[in-house]
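Structure first, commentary second.
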Amino acid sequence: MAHTCIHWFRKGLRLHDNPALMAALRDCKELYPVFILDPHLHNNSCVGVNRWRFLIGALKDLDCSLRKLNSRLFVVRGKPEEVFPKLFNQWKVTKLTYEYDTEPYSLSRDKKVTALAKEHGVEVIYKISHSLYDIERIIVENNGKPPLTYNRMQAIVKTLGPPKRPIPAPTMEDMKDVKTPCSEKHEKKCGMPTLEELGHDTAAFGEEKFPGGEQEALRRLDEHMKRMGWVCSFEKPQTSPNSLSPSTTVLSPYVTFGCLSARTFWWRLTDVYQGVSVTLKCPQHYILIVKKISWIRSTQILQCPCMASCCGESSSTQRVWGSLTSTRWRQLCNSVCTQVDWDTNPEYLAAWREARTGFPFIDAIMTQLRQEGWIHHLARHAVACFLTRGDLWISWEEGQKVFEELLLDGDWALNAGNWQWLSASAFFHQFFRVYSPVAFGKKTDKNGDYIKKYLPLLKKFPAAYIYEPWKAPRSVQQAAGCIVGKDYPHPIVQHEVISKKNIQRMKLAYAKRSPDSSESPSKK
Ligand code: FAD
């Protein structure tokens, strides 16, 4: 039987390596590629304007690629459970396809839509392609439990072998018998959303440094994969958190939205490595970057908040938790997460969020985050440690919310997991190792050029004071045209004093941990 099919794009905003889309095209006479502008996205979750802009760019790019195949993208407004029954009837749909998504909201949404599809006699096909591996399979392999350590995860993945090779994008040949009926009212009814429609003021917009979309993702990937030497000697801890242009790939937003398939990324890296001469090969470096990708996207599993390291070897476990129900997730979180008596301090939190801490390195990072939607991994370390166990003693959950709003790559699992890691609430336990908001940035940027870029107010400070402008004599402050306490804040805390006090508070929290929680985290 020839089908009338809806392919539902959610994440997975791409044509390459999209097995659910290919399943839609099998025996298909009419294809409706649909993206649902779900009010849950703009009402319940806090998504910042940069991320919306990225999403709209990705949708436009997708529409453009679909047009080249004589098809179109339908952006439908409304709740999926209300929209689908109407579409099923209106278009006489017989098949619905989508990419599997393990986030709790997505799981409950998909359950409702699948039930509705069954009521309407619509066959449902979903495929796993956001992660490198099937998360359920990993849990099964681990005796029904999400693996809690990196080593355990690694052992399981080893038994599964390499991830599947990505599949190519559909061609005109695949589309030759397929039509997408499109009315003249398409733009009006199912056209692209605008930022104004989503209630955002576009007047204060900065430059779009990382435009959304599959084409840009593949271009960026190509650009980086050409740099064989760089790929083969990549070591994340050696990259700079405060370079003027990114020292890592900035592919994360593209992987998060699925503009770039994790398997494509993984295999491109693997192929680059296999193609280089023996002298260039440095297995350790290669493993770091490849592992990173696999961890990152194989994992979806521990979608709970739980892992990440500066080497990025950990996010698999985070992803594993993603397939859990919210209740189970909370239970697990509580059992692996050290309970810390964080302070409630709205003033400190606002100062951190709004780049007013008086520590130029921290404020420059938070400014970059707000303006551009991306900051380097180690910059994330610095501000996360500062907010939590390092200086302000505010819960990682508050930081997670701010990152969720501002990051282009905001990913529920990876974000929360990395926050837990950095706050030493789970997986990382060396709470006595605290980042200095002064010394850390100096290691890679002595002159403070990064600070000057993002905090132009301080640009006339000499290098000797750029990280600690409050130490500059009054005459220097006057010459720089910036008086501390008037034009730029005094430091919000005395780092040397508070960080020592916080280490003691952390020690107490660790002393109160149950024996169970001390066993579960990774010893890494
Ligand atoms: P590259 O170094 O070029 O790495 C390539 C890819 O690997 C990235 O695109 C990303 O998909 C993945 N990756 C690298 N490091 C990590 C890591 N430690 N954990 C997980 N994935 C990694 N990453 C997100 O994708 N979404 C988030 O919401 C997120 N929140 C974070 C919150 C905190 C507090 C911290 C410390 C880290 C967070 N990360 C998050 C992880 C990491 O910082 C980013 O993935 C990375 O900086 C993205 O930049 P890149 O693409 O240039 O990375």
Side-chain angles (χ1 to χ4, degrees), residues 206-207 209 236-248 250 310 347-392 394 399 402-403 406-407 422 433-500 502:
E207 181 200 348
K209 291 196 91 173
K236 186 104 145 195
Q238 301 310 323
T239 56
S240 162
N242 46 6
S243 50
L244 295 184
S245 46
S247 58
T248 53
V250 194
C310 55
E347 267 174 48
Y348 275 13
L349 178 60
W352 176 82
R353 191 179 51 225
E354 292 157 20
R356 296 188 279 105
T357 67
F359 288 96
F361 181 53
I362 300 296
D363 293 344
I365 296 171
M366 293 306 287
T367 304
Q368 185 190 9
L369 173 62
R370 186 168 295 276
Q371 285 176 0
E372 298 174 6
W374 182 89
I375 48 177
H376 186 275
H377 182 62
L378 297 176
R380 299 180 200 208
H381 274 225
V383 294
C385 181
F386 185 86
L387 180 74
T388 58
R389 65 191 167 85
D391 295 80
L392 303 188
I394 290 175
V402 174
F403 269 30
L406 299 179
L407 277 175
L422 260 300
R433 283 173 55 183
V434 172
Y435 290 98
S436 157
V438 172
F440 185 44
K442 275 188 193 170
K443 281 203 284 188
T444 39
D445 177 25
K446 279 201 173 48
N447 280 334
D449 293 333
Y450 172 82
I451 293 174
K452 291 177 186 176
K453 177 176 177 187
Y454 290 102
L455 302 178
L457 188 73
L458 300 176
K459 72 171 184 253
K460 291 195 180 142
F461 270 89
Y465 298 111
I466 186 82
Y467 284 86
E468 300 167 282
W470 64 93
K471 288 191 177 166
R474 183 85 180 173
S475 58
V476 173
Q477 296 186 26
Q478 273 164 346
C482 174
I483 305 294
V484 174
K486 181 170 156 261
D487 305 311
Y488 182 71
H490 279 293
I492 192 168
V493 288
Q494 261 185 292
H495 173 72
E496 300 309 331
V497 178
I498 201 80
S499 56
K500 289 194 180 77
N502 288 347

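Only a predicted model underlies this, so the values are computations on that prediction, with no experimental measurement involved.
- For Lys460, the NZ atom counts as loosely surrounded, since its 6.0 Å shell holds 12 or fewer non-hydrogen atoms of other residues, nucleotides or ligands.
- Ring orientation note: the planes of His381 and Tyr435 are nearly perpendicular, at an angle over 60° on the 30°/60° scale.
- Note on ring orientation: taking the six-membered ring where Trp is involved, the planes of Phe386 and Phe359 are perpendicular (angle over 60°, cut-offs 30° and 60°).
- Residues Arg356 and Met366 form no side-chain contact, since every pair of their non-hydrogen atoms from C-beta on lies 4.5 Å or further apart.
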>> With side chain to side chain donor-acceptor pair (under 3.5 Å) as the criterion, how do Gln477 and Tyr488 come out once you've worked through the C-alpha distance, each side chain's angles and the decisive distance to 0.1 Å?
In response: CA-CA 10 Å; Gln477 296 186 26; Tyr488 182 71; over 6 Å; no
>> Run the side-chain contact (heavy atoms from CB on, under 4.5 Å) test on Tyr454 and Ile365 for me, step by step, so that the C-alpha distance in whole Å, both residues' side-chain angles and the decisive distance to 0.1 Å come before the verdict.
In response: CA-CA 8 Å; Tyr454 290 102; Ile365 296 171; over 6 Å; no
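- Between Arg389 and the choices Ile394, Asn502, Val434, the side chain to side chain contact (heavy atoms under 4.5 Å, CB included) rule is met once, by Val434.
- No side-chain heavy atom of Glu354 sits under 4.5 Å from any side-chain heavy atom of Trp352.
- Side-chain contact check for His377 and Thr248: no donor-acceptor pair (N or O, by modelled atom type) lies under 3.5 Å.
- By the 4.5 Å heavy-atom criterion applied to side chains, Tyr465 and Pro473 are counted as neighbours.
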>> Working note: Leu378 + Phe440, criterion side-chain contact (heavy atoms from CB on, under 4.5 Å); need CA distance, chi angles, decisive distance, verdict.
In response: CA-CA 10 Å; Leu378 297 176; Phe440 185 44; 3.9 Å; yes
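- The list of salt bridge (charged side-chain N to carboxylate O under 4.0 Å, His left out) pairs with a residue in residues 440-453, not counting sequence neighbours, reads Lys442-Glu468.
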> After noting the C-alpha distance and the side-chain angles of Leu349 and Leu392, does the key distance pass the side-chain contact (heavy atoms from CB on, under 4.5 Å) rule?
Replying inline: CA-CA 8 Å; Leu349 178 60; Leu392 303 188; over 6 Å; no
